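Have a look at the structure below, then the notes.
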Amino acid sequence: MQEIWATWGVDLHVEVGGFRVRAGLESALREAVAGGRLPAGLRLPSSRNLARDLGIARNTVVEVYDQLVSEGWLVARRGSGTTVAQCSSQQDLVRATPAPPTRQHAYDLRPGTPDLSGFPRAQWLAAARMAVSAASPDAFGYGDPRGRSELRRALAGYLARARGVRTDPDRIVVCSGFTQAFSLLCHVLCARAPTKAPTLAMEGYGLPHLTRTAADTGLRVQALDVDSHGATLDDLGDADAVLLTPAHQFPLGMPLHPLRRARFLEWAAAGDALIIEDDYDGEFRYDRQPVGALQARAPDRVAYVGTASKSLAPGLRLGWLVPPARTLGRVLDAMGPAERNADTLAQLTLAEFIASGRYDRHIRRARTHYRRRRDSLIELVRRQTPDISVTGIAAGLHALLQLPPGRSEAAVVARAAKIGLAVAGLNEYRLAEAPRHQPALVIGYGTPPEHSVTNAFARLVQALSTDPAPGPRGRPERSTTREARSTINP
Ligand SMILES: Cc1ncc(COP(=O)(O)O)c(C=O)c1O
């Protein structure tokens, strides 16, 4: 028996397996309506979208909807889809039964995750079948610490073609995502200077867990200011390495200016320093050709790292590291026996996925999909909240919504949470000593499943508006804190 979840505002817990798929979905929906988790009037996703998200046949969803319509739990109207009916027993039931455990937020626009409902299941399965059928027996052994040669060959070709990376298959190390590659490089830096704590410079805004990883490994972290051209070099000092997101700064969203790219390379050459290039979403550039990898300019100075976490799914835990040739041995030394080898079957599948052209096709489709989402977010915010500017939009799966002077980032985040929307404030990504930027939200527009994007964006606009936010039953909420009051009357 397998358990899966579908999300569109609330979580539905559905048991699937054999003939119970239909029964499981039917009782989950019935209980959600009866318990008030699906409120009257809520529009359900189309049968096509729900079936796709759950990975079940569309007919099953159609039959379940029909059944619940005939029982009076749902209402189907031509042209307006299927909605939750007004049930007199709902409130009684809500009061009578203890609240089921629910997730804190109905909608999530925090950055970091692509649209998981868009994972190309059928294509991935087809590639897996091909790859496993064709694999030689040694594929099921411990294998090369750099990962499967099939995947390294496929990646060398893809990275050269799509990102301009200069490498050969022998120099690639397959990792469990960027996170493992980064941790290995931190260990390499520490091993290089055993008598003093080496310094790693990092962009003043970035992923907080990376700063922790660097510090825990024994590195001293130096924050670099980030301006409209990307990371600055003023505070580099005699750092031993720098971590950059040159194609699309995370989370501020600008590419690193060409002159800055050149200056970082000069700095690395002059001081024998290492540049770690985090190319986490380099494939997703919307308005012109993707910005090529920095590594192409200096393969002996730059450790390039890519990941499948945005392009496919973070659950695969697959990434790839292309270190300078002289650093490869140290990277492999840093891989303790416990860390070796990402899952071989997933590696073989990704190799086949890339070699067969499925990866390129998936990226093209995903790019169109995310571009549409990005455009509707920009359009909505510009139309409904014109005092908020949207930046960092040329690439990737997130955008920066800059709040006007006087608006408190924390208050908007809290207000969003009250109406069931999780959003991240820019300050969550600020390194301790980095100068503070203007308050903003970092919006991951790639995250929600397709059927809940419209609702998620509508709640975002509601959270950003300066009107009093409606309370849980649609009444305006009374502001109770100083911060909330100042948000309403800046
Ligand atoms: C800046 C940045 N780097 C890297 C990653 C991917 O990390 P991993 O490959 O370990 O999932 C992400 C994902 O959110 C990210 O935002």
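Counting convention: from 1, in listed order, for ligands and their atoms alike. Quantities reported herein were computed from a predicted structural model and do not represent experimental measurements.
- For ligand 1, the atoms sitting less than 4.0 Å from at least one non-hydrogen atom of Ser309 are 8 (P), 9 (O), 11 (O), numbered in the order shown with element in parentheses.
- Below 4.0 Å from some heavy atom of Gly177 lie the following atoms of ligand 1, by number and element: 9 (O), 10 (O).
- Protein heavy atom in closest approach to atom 10 (O) of ligand 1: Thr179 OG1, 2.5 Å.
- Residue contacts with ligand 1: Ser176 is placed with no nitrogen or oxygen under 3.5 Å of a nitrogen or oxygen of the ligand (distance criterion only).
- Note on Asp279 versus Arg163: salt bridge recorded, some NZ/NE/NH1/NH2 to OD/OE distance being below 4.0 Å.
- Geometrically, ligand 1 and Leu207 share no nitrogen or oxygen pair separated by less than 3.5 Å.
- Looking at atom 3 (N) of ligand 1, its nearest protein heavy atom turns out to be Asp278 OD2, 2.6 Å.
- Under a 4.0 Å N-O distance rule, the pair Lys196/Asp240 qualifies as a salt bridge.
- Remark: Asp272 engages Arg301 in a salt bridge, criterion side-chain N to carboxylate O under 4.0 Å.
- Close approach of ligand 1 to Gly112 is summarised as follows: ligand atoms under 4.0 Å from at least one heavy atom of the residue are 14 (O).
- At a threshold of 4.0 Å, the pair Glu352-Arg129 does not count as salt-bridged, since none of the basic side-chain nitrogens sits closer than that to a carboxylate oxygen.
- Taking a cut-off of under 4.0 Å to the non-hydrogen atoms of Lys310, the atoms of ligand 1 that pass are 13 (C), 14 (O), 16 (O).
- Ring-plane geometry between His362 and Tyr359 is classed as tilted, the angle between the planes lying from 30 to 60 degrees on a 0 to 90 degree scale.
- Considering all non-hydrogen atoms of both residues, Val442 and Pro251 come closest at CG1-CB, 3.8 Å.
- Between Tyr280 and His398, the two ring planes are parallel [angle under 30°; tilted spans 30° to 60°].
- From the protein, the heavy atom lying nearest to atom 5 (C) of ligand 1 is Tyr280 CB, 4.0 Å.
- No N or O atom of Thr245 sits closer than 3.5 Å to an N or O atom of ligand 1.
- Nearest protein heavy-atom contact of atom 7 (O) of ligand 1 is Phe178 CB, 3.7 Å.
- Judged purely by distance below 3.5 Å, without hydrogens or angles, the side chains of Glu203 and Gln249 pair a donor atom with an acceptor atom.
- Within the structure, ligand 1 has Arg317 among the residues with a heavy atom less than 4.0 angstrom away.
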